[in-house]
Amino acid sequence: MTSPDPDTGLLAPGWAGSPAASATSDGALLQALLDAESALTRVQARSGLVPAGAAEAVTGAAHADRFDVRSLADRARAGGNPVIPLVADLTQAVGEEYGPSVHRGATSQDILDTAMMLVAVRTLEPVLADLDRVQRALARLAAEHRDTAMPGRTLTQHAVPTTFGLKAAGWRALVLDARDRTDAVRYALPAQLAGAAGTSAAFTAYGAQDPLALTAAFAQELGLRAPDLPWHTLRTPIADLAGCLAFTAGALGKIAADVLVLGRTEIAELAEGSGGGSSAMPHKANPVRSTLIAAAARRAPQLAATLYGSMAAEDERPAGAWHAEWEPLRDLLRLSRRSAGKGWSGCWRARTPVGSPGTSPTRCSYGTTPRPTRGPTPPAVTPWPPSTCATSWPGSPRRPC
């Protein structure tokens, strides 16, 4: 039996085996590192800073499947980051003639920061697509249930009537806010290229007439924004990512929280289109999608807090603050990507509206075609008489307003 991959996500059912896992895997990060290295060599070759043949040689060698990611991870401990052993392996793979052109003038943080921005962009693009599908589905849900009455609840208690359409419209407003913030951040993510202490002096030493133009060409080559200044210790891009990802997880978490409450057996106003099973109770249809989205929403703020805390970075390269960003940023990308995917692929249905006759469920157009939940549909809930300050609910004691 072979040793299991430590990145399979055995304790992370929210993203394991999903596009979020592949987009943020060690292999994806390794490819992003190699993409940054090869892009640097190409723009330097066009500027005459390295031989023309170096661009083809480095680009041809820069494929993640040619490198041992486990070995890179093990050797990263010696220098504190994976770029150092990767440069050694890439230089060897390129060969003696063009090996000296690898990583010329750059520092480890240039490559790793740029690679993290590439991973973020490649993860955020499907997040944006998923958020757009969610908001369109919620728009249909809100329109269909514009007049579907339900109890409004404040401080856990029934208050005055509202409509399910209004609730769905509120969910959509949050999703639109998340989409707009994510879209703005995605197109603002910059490349990083400024050399050892952020002065670009090494590029000048290798013959660059305009190091800023070199940085701009590097960013354009990778589809990233050219930075106004080196951001080795000016971590605005990371803070922006932290904010939009945590907001997205929280916005989707609000929807999940409502679904979990309204889908309780004793309330039964909503249900996921299909539920998850139980190891002990085969009759159950657990709201697994909403559960995993809610779990992501609870983790995201603490992950974002670590990224915000890393803004207090000393000198021109900090000892620890930069290193502390890598894992929480990847976790945030995974959680947000998977939550957005689960949000639009989920399917809910509203059960019999409050005060409506009959017991047939009212279907909500959300995501895919709803599948019936297990068990009979609960009877309609008797509405709270609006003129009564204390009322008897079926099967429950009197309670004050």
Side-chain angles (χ1 to χ4, degrees), residues 7 25-119 122 190-209 211 213-224 227 230 232 316-317 319 322-323 326 330:
D7 198 34
S25 67
D26 285 349
L29 176 58
L30 174 56
Q31 187 59 60
L33 291 166
L34 291 165
D35 290 343
E37 291 284 6
S38 61
L40 175 60
T41 308
R42 288 194 298 273
V43 299
Q44 288 179 320
R46 289 199 291 267
S47 301
L49 304 180
V50 300
E56 183 177 351
V58 174
T59 300
H63 296 280
D65 57 2
R66 299 184 180 183
F67 296 84
D68 185 341
V69 68
R70 170 73 68 147
S71 173
L72 290 170
D74 290 342
R75 288 181 288 146
R77 290 195 297 266
N81 75 74
V83 178
I84 298 171
L86 177 61
V87 169
D89 288 2
L90 181 58
T91 300
Q92 182 178 11
V94 169
E96 184 176 349
E97 182 178 4
Y98 296 120
S101 299
V102 173
H103 197 70
R104 179 168 286 190
T107 190
S108 294
Q109 191 173 4
D110 289 338
I111 300 303
L112 187 49
D113 278 352
T114 299
M116 292 301 287
M117 295 302 99
L118 289 174
V119 169
R122 293 164 184 175
Q192 178 87 277
L193 188 66
T199 64
S200 297
F203 300 119
T204 302
Y206 284 118
Q209 299 298 312
L214 183 71
T215 300
F218 176 65
Q220 184 176 17
E221 184 78 8
L222 293 166
L224 298 172
H232 292 146
E316 281 62 58
R317 181 165 302 103
W322 172 49
H323 306 73
W326 309 336
R330 176 159 74 169

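What you see below is based on every heavy atom in this structure, not just the backbone, and it leaves out hydrogens, waters and symmetry mates.
With sequence neighbours excluded, no residue satisfies salt bridge (charged side-chain N to carboxylate O under 4.0 Å, His left out) with D68. Residues passing the side-chain hydrogen bond (donor to acceptor under 3.5 Å, both in side chains) test with Q109, sequence neighbours excluded: D113, R317. Judged as a side chain to side chain contact (heavy atoms under 4.5 Å, CB included), and not counting sequence neighbours, the contacts of M117 are L189, P190, L224, W231, P237, I238, L241. Remark: S71 pairs with R75 by the side-chain hydrogen bond (donor to acceptor under 3.5 Å, both in side chains) rule, at least two apart or across chains. Among residues two or more places apart in sequence or in another chain, the side-chain hydrogen bond (donor to acceptor under 3.5 Å, both in side chains) test is passed with Q31 by D35.
The distance from the CG atom of L72 to the CG atom of N81 is 11.0 Å, given to the nearest 0.5 Å. With rounding to the nearest 0.5 Å, the separation of CG in L29 from CZ in R330 is 6.5 Å.
Taking both residues in full, the closest heavy atoms of A36 and F218 are given as O-CE1, 3.3 Å, listed atom of the first, atom of the second, then distance. When every heavy atom of S38 is checked against every heavy atom of V58, the shortest pair comes out as CA-CG1, 3.8 Å. Contact between L33 and P82 at its shortest, heavy atoms only, is CD1-CG, 4.5 Å. Shown here for A45 and A55, the closest heavy-atom pair between the two residues is CB-CB, 3.8 Å. Contact detail for L118 and A32: the closest heavy-atom pair is CD1-O, 3.7 Å. The two residues P51 and Y98 have their closest heavy-atom pair at CB-CE2, 3.9 Å.
Checked by atom type and distance alone, the side chain of T114 never pairs as donor or acceptor with a backbone atom of A191 at under 3.5 Å.
By the 4.5 Å heavy-atom criterion applied to side chains, V50 and R104 are counted as neighbours. Side-chain atoms of L49 and L214, non-hydrogen and from C-beta on, do get closer than 4.5 Å to each other. Side-chain contact between L30 and L86: present, with at least one pair of heavy atoms (C-beta onward) separated by less than 4.5 Å. Proximity of I111 to E37: side-chain heavy atoms (C-beta onward) are separated by under 4.5 Å at one or more points. Using a 4.5 Å heavy-atom threshold, the side chains of T107 and V83 count as separate.
Ring geometry for W326 against H323 counts as tilted: the plane angle lies between 30° and 60°, on a 0 to 90° scale.
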- Query: Under the side-chain contact (heavy atoms from CB on, under 4.5 Å) criterion, do H232 and W322 qualify, and how do the steps go?
  - Reply: CA-CA 8 Å; H232 292 146; W322 172 49; over 6 Å; no

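Sorted by first then second residue, the side chain to side chain donor-acceptor pair (under 3.5 Å) pairs that include residues 45-63, not counting sequence neighbours, are R42-T59, R46-E221.
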